[in-house]
2 protein chains.
Amino acid sequence: MAMPEQNPRRRLSRDDWAEAALTAIAAGGLAAVAVEPLAARLHATKGSFYWHFANRDALLDAALARWEERTTTDVIGEITAMDGEPADRLRRLITRVVGIAERDAVGPALLATAADERVAAALDRVTRARIGLIVALFEDAGFAPAAAHRRALLAYSAYLGHAELAHSTPQVLPQASEERRAYLDDVLRALTAP
Amino acid sequence: MAMPEQNPRRRLSRDDWAEAALTAIAAGGLAAVAVEPLAARLHATKGSFYWHFANRDALLDAALARWEERTTTDVIGEITAMDGEPADRLRRLITRVVGIAERDAVGPALLATAADERVAAALDRVTRARIGLIVALFEDAGFAPAAAHRRALLAYSAYLGHAELAHSTPQVLPQASEERRAYLDDVLRALTAP
DNA sequence: AGAAGGCCATACGCCACCGTATGGTTCTCC
DNA sequence: GGAGAACCATACGGTGGCGTATGGCCTTCT
């Protein structure tokens, strides 16, 4: 719940607005991206906004691009650059990515607004990139392509569902860190079963 | 995309409005539930709405209650009333429920609006009921309580994720029915592994 | 120092939606 | 077949958000 827009910075950048838009999406979905309320949160007015952006749509585009890069490019780069056993890499990907998902609510919010064309396009790219990464990991782990794809789909579905649970009804998820570890172990065991 | 509100029925019931609200939620999230557009779709005016409901909030409550009953009570009743091997019941639950999920977009839309108190409450009840059912199935299948709970969580996460994928980027899911069968087999195998 | 342009506040018209008020239809039941 | 209730349309004021216009400040460069 950190609100980085509090510091008394006078002049705002385009990125400040995009970031605020992402915060709004996480909090209330696409519909929550409204220029005037955003301006209020940033202690500015529409005058500032409409200098940086042509309109609300342009802001959405910028926010989506920002999210897409942050949640795909960065993580995927980190994992592919990693070495070690496939099982280890899978484990690290999961722990890493689950941590991110539990903090960031933008993804779930966007999934609900897949009706919007631009959102659908961004989701499509992100989804394929992520699944592609997981498929590669399973293939490295020795699964045949078709089987690897199925397992990757299952793994990614479980990831998405976990992210949803984490931000909608987190109480049902294991809280204590030992329980979390046991759960992760079990998930990995199931996902990598014969 | 069936729009059941087309038939030239003159007078509307409370349930007609609730149903239209659910359709709107599925299409555009909570924010899409707007009285006047809904009235237009139903070929009526606000005059009708405000006779049946006190305000927009009352409509949301009614819609949520309707969804909650439909997606919990009904399915759970059907499965618990079922007999047969645990594995069979699990399989039938999955096929049954995945079919529903792929058609109905209300769940994903609500997950994105968990910020709303009433939505959170409904989600909490639905989530617990569903997970409870799955836990019971895994226990019947011979898993110890803790392990059954972990597996149920994984299964339910996968289900949620699958629902998300089905309505946001369905292209990544297996399309042909043989592929779907192979995928389902693999998922069941993974979920019920040692 | 002063001019130019980057950055922002204020004020305005517009539209979509909410909720209310009020009067008209259309059922239902005797 | 007429009274009362159920149901609905129309019209209205209020609010919040979008986008534009315009003028002012603040920085930067010369």
Side-chain angles (χ1 to χ4, degrees), chain A residues 3-64 109 113 115-119, chain B residues 3-64 66 109 112-113 115-119:
Chain A
M3 300 295 163
E5 65 270 15
Q6 283 295 10
N7 25 350
R9 190 189 332 161
R10 280 252 190 53
R11 293 164 102 82
L12 297 169
S13 73
R14 213 181 138 84
D15 282 349
D16 291 328
W17 286 98
E19 205 53 48
L22 283 178
T23 309
I25 289 177
L30 256 208
V33 179
V35 176
E36 280 164 324
L38 243 53
R41 283 177 62 86
L42 291 171
H43 302 110
T45 65
K46 300 191 295 184
S48 168
F49 175 82
Y50 282 102
W51 194 90
H52 290 287
F53 294 90
N55 50 30
R56 178 177 175 276
D57 273 16
L59 172 63
L60 287 181
D61 287 337
L64 285 176
T113 328
D116 184 291
E117 263 193 38
R118 293 157 305 174
V119 172
Chain B
M3 299 295 164
E5 65 271 15
Q6 285 294 12
N7 27 349
R9 192 186 331 158
R10 280 253 190 56
R11 291 161 104 81
L12 297 169
S13 72
R14 213 180 137 86
D15 282 349
D16 291 327
W17 286 99
E19 205 54 47
L22 283 178
T23 309
I25 290 177
L30 256 208
V33 179
V35 176
E36 279 163 325
L38 244 52
R41 283 175 60 87
L42 291 171
H43 302 110
T45 63
K46 300 191 295 184
S48 169
F49 175 82
Y50 282 101
W51 194 89
H52 290 287
F53 294 90
N55 50 29
R56 179 178 176 276
D57 273 16
L59 172 64
L60 288 182
D61 286 339
L64 286 176
R66 210 173 163 75
T113 327
D116 184 292
E117 264 195 37
R118 291 157 306 173
V119 172

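Fair warning: this is a prediction, and the values are worked out from it, not measured in the lab. Below, chains carry the letters A, B, ... as their sequence lines are ordered, and counting in each starts from 1. Values reported hereafter were calculated over all heavy atoms of this structure, with side chains retained and with hydrogens, waters and symmetry mates removed.
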May I have the distance from [X] (atom [atom1]) to [N] (atom [atom2]), rounded to whole angstrom?
| X | N | atom1 | atom2 | value |
| --- | --- | --- | --- | --- |
| A/R14 | C/dG6 | CZ | P | 15 Å |
| B/R41 | C/dC17 | CZ | P | 13 Å |
| B/W17 | D/dC8 | CH2 | C1' | 10 Å |
| B/F49 | C/dT20 | CZ | C1' | 14 Å |
| B/L42 | D/dC8 | CG | P | 10 Å |
| A/W51 | C/dG6 | CH2 | C1' | 5 Å |
| A/L12 | C/dG6 | CG | C1' | 14 Å |
| A/L30 | D/dC18 | CG | P | 13 Å |

For B/D57, what residues pass the side chain to side chain donor-acceptor pair (under 3.5 Å) criterion, not counting sequence neighbours? none
What pairs with B/R14 under side chain to side chain donor-acceptor pair (under 3.5 Å), at least two apart in sequence or on another chain?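 So B/R14 forms no side chain to side chain donor-acceptor pair (under 3.5 Å) with any residue.
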For A/F53, the option from A/F49, A/W51, A/Y50 that meets ring pair (Phe, Tyr, Trp, His ring centres under 6.0 Å):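 With A/F53 as partner, A/F49, A/W51, A/Y50 yield a single ring pair (Phe, Tyr, Trp, His ring centres under 6.0 Å), made by A/F49.
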Using atom types as modelled and distance alone, determine if a side-chain donor or acceptor of A/R118 lies under 3.5 Å from a backbone N or O of A/D61. no
Minimum heavy-atom separation for [X] and [Y], please, with both atom names.
| X | Y | value |
| --- | --- | --- |
| A/A27 | B/A115 | O-CB, 3.6 Å |
| B/A109 | B/G29 | CB-CA, 4.3 Å |
| B/H52 | B/L12 | NE2-O, 2.8 Å |

So if I apply the side-chain contact (heavy atoms from CB on, under 4.5 Å) rule between B/L60 and each of B/N55, B/L30, B/V119, which one comes out positive? B/L30
Please report the interatomic distance [atom1]([X]) to [atom2]([Y]), rounded to the nearest 0.5 Å.
| X | Y | atom1 | atom2 | result |
| --- | --- | --- | --- | --- |
| B/L59 | B/W17 | CG | CH2 | 8.5 Å |
| B/D15 | B/R66 | CG | CZ | 4.0 Å |
| B/L64 | B/D116 | CG | CG | 7.5 Å |

Proximity to DNA chain D (any heavy atom under 4.0 Å), residues of residues 55-63 of chain A only: A/N55, A/R56
Minimum-distance nucleotide (side-chain atoms of [X] versus [options]):
| X | options | value |
| --- | --- | --- |
| A/R11 | C/dT26, C/dC7, D/dC18 | C/dC7 |
| A/A44 | C/dA9, D/dC8, C/dC8 | C/dA9 |
| B/Y50 | C/dT20, D/dA6, D/dT20 | C/dT20 |

Protein-nucleotides 11-16 of chain C N/O pairs closer than 3.5 Å?
none

Strictly by salt bridge (charged side-chain N to carboxylate O under 4.0 Å, His left out), give each pair with a member in residues 22-39 of chain B just once, sequence neighbours left out.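 Listed once each, the pairs are B/E36-B/K46.
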Are A/H52 and C/dG6 close enough that a side-chain N or O sits under 4.0 Å from OP1 or OP2?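 Answer no for this pair, as no side-chain N or O of A/H52 is under 4.0 Å from OP1 or OP2.
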Could you run down the sub-3.5 Å N/O contacts of the protein with nucleotides 3-5 of chain D?
none

